[in-house]
K.L.:
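Sharing a structure below in structure tokens format, with a few things to ask.
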Amino acid sequence: MGGASASKSERFEVCVVGGGATGWAAALICAAAGRETAILAPPADFPLGRTAALFAGAVELLDWLGAMAELRPAAARLEAMRLIDDTGRLLRAPEVTFYASEIGLDAFGYNIVNRRLVESLSGLAQKEPKITHLEEPAAELAFGEDEARLTTRSGARIAAELVVGADGSRSLVRERAGIGMRRTRMAQSALVTTLSTDFEHRFISTEFHKAHGPFTLVPMPGSHVSLVWVERPVEATRLCQVPEEEFAEAAEEAAHSLLGPMRLTAPRVSYPLSVGLADRFAAARAVLIGEAAHVFPPIGAQGLNLGLRDVEALKDLLASRRGALGPDVAEEFHRLRQADIRSRTLAVDLLNRSLLTGMLPVQALRAIALSAAGGFAPFRRFLMHQGLAKTFREI
Ligand SMILES: Cc1cc2nc3c(=O)[nH]c(=O)nc-3n(C[C@H](O)[C@H](O)[C@H](O)COP(=O)(O)OP(=O)(O)OC[C@H]3O[C@@H](n4cnc5c(N)ncnc54)[C@H](O)[C@@H]3O)c2cc1C
């Protein structure tokens with residue numbers, strides 16, 4: 001990738017570490033706030049089948065950044081979200097479908113191919129004169145009194161007033177800032193791919209809650225869906241290896257032929273799943289965003305939506321600051337992000353674990369909660385607003 005290259009010991013106001021979707025979005029909002037910004041972003045490698053369902057708040061942020069015009073034609077609207085209890089357990093919840101129209105929206109959001117999203121954001125950053133891109137990872141980071149000092153893998157040195165850790169779940173920034181992360185490896189892997197289908201998805205995303213995790217079909221343009229199939233790791237590996245036709249039949253069976261016969265349209269890739277929550281979301285001169293701060297299993301499509309809300313918080317914070325950036329900005333970011341991140345992590349973790357347990361009281365609670373979601377209109381609207389967590393504001 002292009003962009004100006006940094007000379008040794010060059011000084012910036014902000015240095016973003018990591019070039020996933022949150023890193024590029026953060027670099028763009030820092031530049032929009034008038035800050036000289038460096039981004040250390042080695043090329044990201046997303047398999048073609050990986051998509052993210054992004055809800056209204058995230059879509060508005062992407063619109064504001066100028067990315068949605070390019071992304072919208074290749075994305076699919078999410079007009080309804082259907083949850084089906086397919087655990088086969090004694091106490092099962094009724095099927096629930098949430099319609100965006102119930103809360104006055106045309107769609108909850110869009111399903112967007114991750115690779116396209118990152119390409120679009122990095123393309124915008126390339127045109128931004130306040131952003132300097134170095135296509136290599138940060139190898140070292142130390143925090144001094146007046147600045148943070150970073151060294152790249154090739155030895156280039158960068159100083160910055162504030163570091164944005166967007167470097168994923170094994171974040172170097174988090175580690176060097178002395179922030180721990182409580183992390184639990186789940187006995188689950190997520191298999192992702194895309195499929196073409198005989199029947200139309202009608203812009204409805206369907207999440208089957210199965211005994212080993214969710215099996216989710218998310219609309220893509222035309223008669224295509226992306227699949228996120230959470231299974232035991234050994235079964236996910238097996239499903240990645242069986243012949244394509246056998247896999248397509250297994251997927252159709254798991255979907256109870258909801259969309260008819262299906263065919264694979266992308267390679268299958270499986271990801272081991274874990275849950276992780278940083279002890280703090282900022283320290284010294286560093287703020288953590290995206291998976292550097294919080295890691296979720298893919299249930300309810302919350303991970304990147306939450307990561308983009310981290311970016312949005314940073315946007316609001318920078319809009320209210322003039323002059324040098326320091327530890328007080330980091331501290332304020334931590335304060336702003338606490339409630340949203342902690343509540344979301346807890347909710348997603350509980351929902352996921354409630355699928356895995358055979359305990360009757362837990363099944364009963366899930367069934368009661370989903371029954372209420374199915375029938376009681378104010379509770380339905382509350383849940384939909386919670387799911388969207390739509391808080392975007394213009395600068
Ligand atoms: C199967 C699956 C399905 C999902 N579906 C959804 C969904 O529908 N909706 C949703 O909202 N979320 C979803 N998520 C979650 C979402 O994919 C993640 O939240 C999101 O990709 C995290 O983005 P990120 O930018 O924080 O991290 P990453 O995408 O992990 O990016 C981090 C980047 O940092 C780079 N990096 C690492 N170390 C360094 C270093 N030292 N120096 C420089 N760079 C470094 C890495 O190379 C990488 O490019 C899903 C997750 C999975 C696993």
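Numbering of ligands and ligand atoms starts at 1, following listing order. Numbering starts at 1 and runs along the sequence shown.
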K.L.:
Are Phe247 and Trp229 close enough that their ring centers fall under 6.0 Å?
P.N.:
yes
K.L.:
What atoms in ligand 1 come closer than 4.0 Å to a heavy atom of Ala21?
P.N.:
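Answer, ordered by atom number: 25 (O).
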K.L.:
Touching ligand 1 at all, Asn111? Heavy atoms, strictly under 4.0 Å?
P.N.:
no
K.L.:
With Glu147 as reference, evaluate Arg11, Arg157, Arg285 under the salt bridge (Lys or Arg N to Asp or Glu O under 4.0 Å) test and give the passing residue.
P.N.:
Arg11
K.L.:
Say whether Met181 and Val17 are linked into one hydrophobic cluster, either directly or through other cluster members, by side-chain heavy-atom distances under 4.5 angstrom.
P.N.:
no
K.L.:
Provide the number and element of each atom of ligand 1 under 4.0 Å from a heavy atom of Val192.
P.N.:
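This gives 1 (C) as the contact atoms.
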K.L.:
Is it true that Val295 and Val173 fall in one hydrophobic cluster, defined by side-chain heavy atoms closer than 4.5 Å?
P.N.:
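No: no chain of side-chain contacts under 4.5 Å links Val295 to Val173.
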K.L.:
Identify, by atom number and element, the atoms of ligand 1 in contact range of Val17, meaning under 4.0 Å from any of its heavy atoms.
P.N.:
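Listed by number with element: 40 (C), 42 (N), 43 (C).
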K.L.:
What residues form a side-chain hydrogen bond (donor to acceptor under 3.5 Å, both in side chains) with Glu79, not counting sequence neighbours?
P.N.:
Arg77
K.L.:
Using the ring of each side chain (for Trp, its six-membered ring), is Phe208 parallel, tilted or perpendicular to His256, with breaks at 30° and 60°?
P.N.:
tilted
K.L.:
Which residue holds the protein heavy atom closest to atom 30 (O) of ligand 1, what is that atom called, and what is the gap in Å?
P.N.:
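Result: Gly168 CA, 4.0 Å.
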K.L.:
I need the nearest protein heavy-atom contact for atom 29 (O) of ligand 1: residue, atom name and distance, please.
P.N.:
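For atom 29 (O) of ligand 1, the nearest protein heavy atom comes out as Phe46 CZ, 3.6 Å.
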K.L.:
Could you work out, with side-chain hydrogen bond (donor to acceptor under 3.5 Å, both in side chains) as the rule, every residue matching Glu161, not counting sequence neighbours?
P.N.:
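Glu161: no side-chain hydrogen bond (donor to acceptor under 3.5 Å, both in side chains) contacts found.
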K.L.:
What is the nearest protein non-hydrogen atom to atom 31 (O) of ligand 1, stated with its residue, atom name and distance?
P.N.:
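Going by distance alone, atom 31 (O) of ligand 1 is nearest to Gly20 CA, 3.5 Å.
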K.L.:
Closest non-hydrogen protein atom to atom 10 (C) of ligand 1, residue and atom name please, with distance?
P.N.:
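Residue, atom and distance for the closest contact: Leu304 N, 3.3 Å.
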K.L.:
Give the atoms of ligand 1, by number and element, whose distance to some non-hydrogen atom of Pro42 is under 4.0 Å.
P.N.:
43 (C), 44 (N)
K.L.:
Given the rule that I, L, V, M, F, W and Y join up when any side-chain heavy atoms are under 4.5 Å apart, are Phe199 and Phe203 in one cluster?
P.N.:
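Unlinked, Phe199 and Phe203 end up in two clusters.
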K.L.:
Number the atoms of ligand 1 from 1 as they appear, then name those within less than 4.0 Å of a heavy atom of Thr51, with their elements.
P.N.:
5 (N)
K.L.:
Under the criterion side chain to side chain contact (heavy atoms under 4.5 Å, CB included), which of Leu54, Leu62, Leu61 is the partner of Met68?
P.N.:
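Testing each of Leu54, Leu62, Leu61 against Met68, the sole residue satisfying side chain to side chain contact (heavy atoms under 4.5 Å, CB included) is Leu62.
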K.L.:
Nearest protein heavy-atom contact for atom 45 (C) of ligand 1: which residue, which atom, what distance?
P.N.:
Asp167 CB, 3.8 Å
K.L.:
Please write down residue, atom name and distance for the protein heavy atom closest to atom 2 (C) of ligand 1.
P.N.:
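Protein heavy atom at minimum distance: Pro298 CB, 3.8 Å.
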K.L.:
Could you tell me, atom by atom, which parts of ligand 1 come under 4.0 Å of a heavy atom of Gly290?
P.N.:
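Once the distances to Gly290 are compared, the set is 26 (O).
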K.L.:
As an exercise, identify every atom of ligand 1 less than 4.0 angstrom from a heavy atom of Ala166.
P.N.:
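Selected atoms, number and element: 32 (C), 33 (C), 34 (O).
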K.L.:
Which option wins on minimum heavy-atom distance to atom 43 (C) of ligand 1: Asn305, Leu40, Val16?
P.N.:
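Among Asn305, Leu40, Val16, the closest heavy atom to atom 43 (C) of ligand 1 belongs to Leu40.
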K.L.:
Does a salt bridge link Lys130 with Glu36, judged by any charged N lying under 4.0 Å from a carboxylate O?
P.N.:
yes
K.L.:
Among the clusters formed by ILVMFWY side chains lying less than 4.5 Å apart, do Leu273 and Val228 turn up in the same one?
P.N.:
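Result: yes, single cluster for both.
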K.L.:
So which heavy atom in the protein is nearest atom 21 (O) of ligand 1, and how far is it from that ligand atom?
P.N.:
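Ranked first by proximity to atom 21 (O) of ligand 1 is Arg50 NH2, 3.9 Å.
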K.L.:
For ligand 1 and Ala138, I'd like to know whether there is a polar contact (N/O to N/O, distance under 3.5 Å).
P.N.:
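Yes, Ala138 has an N/O under 3.5 Å of an N/O on ligand 1.
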K.L.:
Does the protein place any heavy atom closer than 4.0 Å to atom 17 (O) of ligand 1?
P.N.:
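Protein heavy atoms within 4.0 Å of atom 17 (O) of ligand 1 - there is at least one.
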K.L.:
Heavy-atom distances under 4.0 Å decide this one: backbone, side chain, both or neither, for Ala53 against ligand 1?
P.N.:
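It is both parts that get close, each with some atom under 4.0 Å.
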K.L.:
Looking only at distances, please establish whether an N/O atom of ligand 1 is found under 3.5 Å from an N/O atom of Tyr271.
P.N.:
no
K.L.:
May I ask whether Gly307 has any heavy atom positioned less than 4.0 angstrom from an atom of ligand 1?
P.N.:
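Under 4.0 Å: no for Gly307.
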K.L.:
Report, in ascending order of atom number, the atoms of ligand 1 lying under 4.0 Å from any heavy atom of Gly18.
P.N.:
34 (O), 35 (C), 43 (C), 44 (N)
K.L.:
Show, in sequence, the C-alpha distance, side-chain angles and deciding distance for Leu141 and Glu175, and conclude whether the side chain to side chain contact (heavy atoms under 4.5 Å, CB included) test is met.
P.N.:
CA-CA 10 Å; Leu141 165 62; Glu175 200 241 301; over 6 Å; no
K.L.:
Distance to 0.1 Å, residue and atom name: give those for the protein heavy atom nearest to atom 25 (O) of ligand 1.
P.N.:
Thr22 OG1, 2.8 Å
K.L.:
Could you check whether the rings of Phe108 and Phe55 sit parallel, tilted or perpendicular, using 30° and 60° as the cut-offs?
P.N.:
perpendicular
K.L.:
Between Arg116 and Glu119, does any side-chain N to carboxylate O distance fall below 4.0 Å?
P.N.:
no
K.L.:
Can you check which of Glu291, Gln302, Arg309 brings a heavy atom nearest to atom 26 (O) of ligand 1?
P.N.:
Glu291
